[in-house]
2 protein chains.
Amino acid sequence: MPTSKDVAQAAGVAQSTVSYVLSGKRPISEKTRKKVEAAIDQLTYQPNAGARALASRKTRVIGLVIPFIPELEMGSIMEFVSVIASTARQYDHDILLVTDDEGAAGLRRVVGQQICDGLILMQVEDEDERLPVVRSLNVPVVLIGIPRDPSGLVCIDADFEMAGEHCVRDLAAAGHSVISVIDWQPAVMDRHVNYVDRFLHGTDVAAKALGVTVLHLPGGTDRATISESVDKALASTTGKPAFIAPDRTIQDILRRILSSRGLTLGLDVSVIGSASPTLAELQPIPLSTIDLRPAEVSRRAVKIMCQLLEADSHGPHESLELVPTVITHRSSTLRPQ
Amino acid sequence: MPTSKDVAQAAGVAQSTVSYVLSGKRPISEKTRKKVEAAIDQLTYQPNAGARALASRKTRVIGLVIPFIPELEMGSIMEFVSVIASTARQYDHDILLVTDDEGAAGLRRVVGQQICDGLILMQVEDEDERLPVVRSLNVPVVLIGIPRDPSGLVCIDADFEMAGEHCVRDLAAAGHSVISVIDWQPAVMDRHVNYVDRFLHGTDVAAKALGVTVLHLPGGTDRATISESVDKALASTTGKPAFIAPDRTIQDILRRILSSRGLTLGLDVSVIGSASPTLAELQPIPLSTIDLRPAEVSRRAVKIMCQLLEADSHGPHESLELVPTVITHRSSTLRPQ
DNA sequence: TTGAAAGCGTTACCAG
DNA sequence: CTGGTAACGCTTTCAA
């Protein structure tokens, strides 16, 4: 493997000049730049990351802490991971995976060994045990999710409250006055992931504003619970029933229950739920879809991180950004079941 | 941040001794080891990864090349990623994400800059454009998937042929003499991912051996295509129809089509397909499930990689390992739709 | 069993 | 605008 020394020799300049050509940190005459660049791609030189990190104290690597929760929708996590990784590349950074099963020790390790310059945490919970650690870590950290106490932290997430409002407004606009919200699955509820409360709060706010009734009914992974919830919903609705089902697994079960009762989605009953457009293409949610825009959230998380790294003013930062959610109307493309 | 020099000073030994205590590459007296260890955790010393990489020419990082194919089951990719990352940690390595949208250049970059010591490629296709690159890369590479020409490469994958055989045998044992295979979705078929052919070949082999008939019918993401396939299947079966649907998205559509025709899964019709155990839990596939054991494939891929890194005999290696698939019988837990 | 010192390949400062 | 050189923090060889 050629080194910058080899390049310098080949170009007949000093090693530092090679470095400056690459970094652009000082003016270089057109002539020597050409010479150096020629030597670089003749030798197919690539700078050694370790040496660079050692000398510059910057790894250009961002640690991404991925959750390991079997109950969670793996597909949606992957959407974050994938977008985060490609966005990082756009800012000339790489992504190192930090699995959550290493726990807080893992965070200390990657930061302590200076394997990465900053951390992005996914699936931040209300009272997250990792928070005290990251606060003390002295590197930039971006949270995807809003903990109960976000003070001193940089947080970003989808605007779940807006999503909840969207849903209720959309159904109210369609003429529904009683709307049933099927909760997330218990595994999610129990973890107190903060977005659940925000979403539900959004539905309540919109309900109050519009003078419609919102019923909160338990969800679950078994037909029985949801079946019961559907019973309750149908009993308390006189007109066409309306459902909000934010959890994708539950949407699926709900859809089957409704169709097994002979209710045609979009015709006899309205359902609205969250899904990314691509996924909605494959498994359409009837009527409308809330797009929580995971890709946009991911992109912004990386962008914020890279700005923090750029600035690297080592004082603690604090910010809270909510990415607007959108409703995608899909009624027209709806195929009756 | 404390350095090994600080540790050495605090322990009253040479810097090299600290290094040897950590690496265990030469015998250390109990006494000095104690002193050094005390100093290490008193200073909360952690070795600097960059410096270590520079001196030892080993980063202890493995590049994981993740596919970006929107049509693909994101959830199953995440299962690989997640297991690969935690297994790597067990071998004291980390995982760096390499997104496939960087293409072959990305591989050259991470290896050239010596950001990682080896590469694991996911979703290897029959004629994969990345193969010539990795062959020339001079670092250990492990492929998950079997390309048409695996010479000089280290490959590992689920034994899809065995999976195909399993399915046919299972259905034949249940009394079916005509079995319909619904193909993967076209997006997958078109990429010529090698496992499709292997799976289908497996079904044919078993069919021949057992004297049953296997029908190959087109799959897709739209109801119409699959609906047609179901028509054909029903027309050519006299007894209880049997389906094999390896693609998860297609399973879902198939299931809905069958139930909309009043066919109760497991009772009027047999369906068998692949699913990870967790997913099967949520959406039980009637009769049986083929478990392709992605976690096991992932673990072995990492293990092989780490063995190659250990050995680091720089000659090209070649091996081909198929992880046995299993059939999980789930009939007992089946809830009729 | 231990210590001293020479790299590893960059970056960045100090001169010119 | 460019060159020389001292770090950066570790590993490893050579000596003792």
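Chain naming here is simple, since letters A, B, ... match the order of the sequence lines and numbering starts at 1 in each.
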Once you apply a heavy-atom cut-off of 4.0 Å, does [X] come out as touching a base, just sugar-phosphate, or nothing?
X: A:Gln46; value: sugar-phosphate
X: B:Thr32; value: sugar-phosphate
X: B:Val18; value: nothing

**Message:** Counting only heavy atoms from other residues, nucleotides and ligands, does the tally under 6.0 Å from NZ of B:Lys303 exceed 12?
**Reply:**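 12 or below, so no.
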Rounding to an integer number of Å, can you tell me how far [X] [atom1] sits from [N] [atom2]?
X: A:Leu43; N: C:dG9; atom1: CG; atom2: C1'; answer: 15 Å
X: B:Gln9; N: D:dG9; atom1: CD; atom2: P; answer: 14 Å
X: A:Leu54; N: C:dT10; atom1: CG; atom2: P; answer: 12 Å
X: B:Gln15; N: C:dG3; atom1: CD; atom2: P; answer: 12 Å
X: B:Gln113; N: C:dC8; atom1: CD; atom2: P; answer: 20 Å
X: B:Arg52; N: D:dC10; atom1: CZ; atom2: P; answer: 8 Å
X: B:Lys58; N: D:dT12; atom1: NZ; atom2: C1'; answer: 14 Å

**Asked** Considering heavy-atom distances to DNA chain C, does A:Leu22 or B:Ala14 have its closest nucleotide positioned more toward the 5' end?
**Response** B:Ala14
**Prompt:** Of B:Tyr20 and A:Thr3, whose closest DNA chain C nucleotide lies nearer the 5' terminus?
**Reply:** B:Tyr20
**Item:** Proximity to the side chain of A:Val13 - top-ranked nucleotide from C:dT11, D:dC10, D:dG3
**Value:** D:dG3
**Asked** For B:Leu121, which of B:Ile144, B:Val134, B:Val142 qualifies under side-chain contact (heavy atoms from CB on, under 4.5 Å)?
**Response** B:Val134
If the cut-off is 4.0 Å, is [X] near the phosphate of [N], judged by side-chain N/O to OP1 or OP2?
X: A:Ser29; N: D:dT2; value: yes
X: A:Arg57; N: C:dA12; value: no
X: B:Ser56; N: D:dC10; value: no
X: A:Lys25; N: C:dA12; value: yes
X: B:Thr17; N: C:dG3; value: yes

With distance as the sole criterion, do the side chain of [X] and the base of [N] form a donor-acceptor contact below 3.5 Å?
X: B:Arg26; N: C:dT2; value: yes
X: B:Ser16; N: C:dA4; value: yes
X: B:Ser4; N: D:dG9; value: no

**Asked** B:Asn194 pairs by side chain to side chain donor-acceptor pair (under 3.5 Å) with which of B:Asp126, B:Asp157, B:Asp128?
**Response** B:Asp126
**Message:** Under a 3.5 Å cutoff, is there a donor and acceptor pairing between the side chains of A:Thr32 and A:Ser29?
**Reply:** yes
**Request:** Would you give the length of the straight line joining atom CD1 of B:Ile77 to atom CD of A:Glu79, rounded to the nearest 0.5 angstrom?
**Result:**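 Rounded to the nearest 0.5 Å, the CD1-CD separation comes to 11.5 Å.
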